[in-house]
Amino acid sequence: MAGRLELPWHTLDGKDFAGPGWFGVADPERKSTARSWWGDREAAERLHLERSDASPGTSLLVVGVYDGSGETEDVEDMYERLVASLSRNFWASMVGGNHEGPKLRASVAAFRNGVSVRSEQIIDPFEREPARSRAVRAFLDGTTVEELTDRSQVLQASVPLELRRRKDAVGSGDAGTHEAVLLVTPTEEEDEAPDTIAYMRATRMVVKYKRVGDLPLGHRHFQAVLLAGTATRRGRKRPKRPSRCCVPRSRRTTTTGKARKT
């Protein structure tokens, strides 16, 4: 085990120490440096860092936790806030497909003095974001379509983004464009925030949400995802999307709408 400590200024054995530090064992080859500590399961349990299996990952342990912003009052409130934040910002990273697993798996539990006050809850992206999770999974599996004919389908389109030149770039030419990927899928009528785009890149962490305006009356409510950067998976071999010829002509429909440049 190895970890990063963020403590307040403190005194130990009569010596003053700054807050930041490393958790581990002293490295005999490097002064004032720690290296990984090969502990055991009992030690991990005493530190409240035990795990159900041997999978690698990161554990966060906050001692004497409190919310300086005042938005939460106790550990139960913090538990609910953490579940909501993970669900809102990292749901797409928790979606996997038939050919690859999710980039992230997250669960939240709360304890007070070693006693459980909130049981472990595994974050399920399809429970929190059913429509958009369906869109990301279809993209990963290569099952998106070019035209929606069913409420369970996911439409995929390319969106060219004009790039800005770097301040330290040499020359005066255009910076070029980047082909982002737009995913659109119908959502349920009871969706509390329909017609919203989730912007993301790289590991599919949500950068921001934006509600789409100027839509025609009576339009079909939807949810959308805009993937940019390495999240587009450009250059990677992906399953082919179904051809439009596989859809009977009598079932094809055309949907129209307005897009606003952002």
Checklist entry - Less than 4.5 Å apart, any side-chain heavy atom of Leu227 and any of Met200? => result yes
Checklist entry - Val206, Ile123: one ILVMFWY side-chain cluster at the under-4.5 Å cut-off? => result no
Checklist outcome for this item: Note: Leu86 and Ala106 closest approach over all heavy atoms is CD1-CB, 4.2 Å
Checklist entry - Any link between Leu104 and Val83 through a network of hydrophobic side chains (Ile, Leu, Val, Met, Phe, Trp, Tyr) touching at under 4.5 Å? => result yes
Item to check | Full working for side chain to side chain contact (heavy atoms under 4.5 Å, CB included) between His221 and Glu189 | outcome: CA-CA 7 Å; His221 289 305; Glu189 294 298 329; 3.6 Å; yes
Next on the checklist: If I compare all heavy atoms of Ser158 with all of Pro160, which pair ends up nearest, and what's the gap?
Outcome noted: O-CD, 4.0 Å
Checklist entry - Is any side-chain heavy atom of His99 closer than 4.5 Å to a side-chain heavy atom of Asp141? => result yes
Checklist entry - Does any N or O in the side chain of Glu129 come within less than 3.5 Å of the main-chain N or O of Pro125, such that one atom is a donor and the other an acceptor? => result no
Checklist entry - Does Glu71 pair with Arg81 as a salt bridge, N-O distance under 4.0 Å? => result yes
Next on the checklist: Less than 4.5 Å apart, side chain to side chain, heavy atoms only: is that true for Glu146 and Gln156?
Outcome noted: no
Next on the checklist: If hydrophobic clusters are built by linking Ile, Leu, Val, Met, Phe, Trp and Tyr wherever their side-chain heavy atoms come under 4.5 Å apart, do Met205 and Trp91 end up in the same one?
Outcome noted: no
Item to check | Approximate separation, where rounding is to 0.5 Å, of Glu120 CD and Ile122 CD1 | outcome: 5.5 Å
Next on the checklist: Would a single hydrophobic cluster contain both Tyr209 and Val136, if residues Ile, Leu, Val, Met, Phe, Trp and Tyr are joined by side-chain heavy-atom contacts under 4.5 Å?
Outcome noted: yes
Checklist entry - Any side-chain heavy atom of Arg151 sitting closer than 4.5 Å to one from Thr187? => result no
Checklist entry - Would you call Trp22 and Thr33 a side-chain contact if the rule is heavy atoms closer than 4.5 Å? => result no
Item to check | Candidate pair Arg204 and Phe90, rule side chain to side chain contact (heavy atoms under 4.5 Å, CB included), full reasoning | outcome: CA-CA 7 Å; Arg204 300 197 298 271; Phe90 294 95; over 6 Å; no
Item to check | Leu161 with Val184, same ILVMFWY side-chain cluster at under 4.5 Å | outcome: yes
Next on the checklist: Can you confirm whether Leu140 sits close enough to Glu100 that some side-chain heavy atom of one is under 4.5 Å from a side-chain heavy atom of the other?
Outcome noted: yes
Item to check | Side-chain heavy atoms of Leu215 within contact of Asp195, under 4.5 Å | outcome: yes
Checklist entry - At their closest point, which heavy atom of Ala135 faces which heavy atom of Val154, and how far apart are they? => result CA-CG2, 3.5 Å
Item to check | Nearest heavy-atom neighbours spanning Thr144 and Leu183 | outcome: CG2-CD2, 4.2 Å
Next on the checklist: Any side-chain to backbone donor/acceptor pair from His219 onto Leu217? Under 3.5 Å, distance only.
Outcome noted: no
Checklist entry - Thr185 pairs by side-chain hydrogen bond (donor to acceptor under 3.5 Å, both in side chains) with which of Arg134, Gln223, Gln153? => result Arg134
Next on the checklist: Between Phe111 and Arg118, is the side chain to side chain contact (heavy atoms under 4.5 Å, CB included) condition met? List the steps.
Outcome noted: CA-CA 7 Å; Phe111 299 84; Arg118 286 289 188 274; over 6 Å; no
Checklist entry - Atom CH2 of Trp37 and atom CZ of Phe23: how far apart are they, to the nearest 0.5 Å? => result 5.0 Å
Checklist entry - Passes side chain to side chain contact (heavy atoms under 4.5 Å, CB included), Val212 versus Phe222? Steps please. => result CA-CA 10 Å; Val212 180; Phe222 64 88; 4.1 Å; yes
Next on the checklist: Quick one: does any side-chain atom of Arg112 pair with a main-chain N or O of Glu76 as donor and acceptor, under 3.5 Å?
Outcome noted: no
Checklist entry - Is any side-chain heavy atom of Val95 closer than 4.5 Å to a side-chain heavy atom of Phe126? => result yes
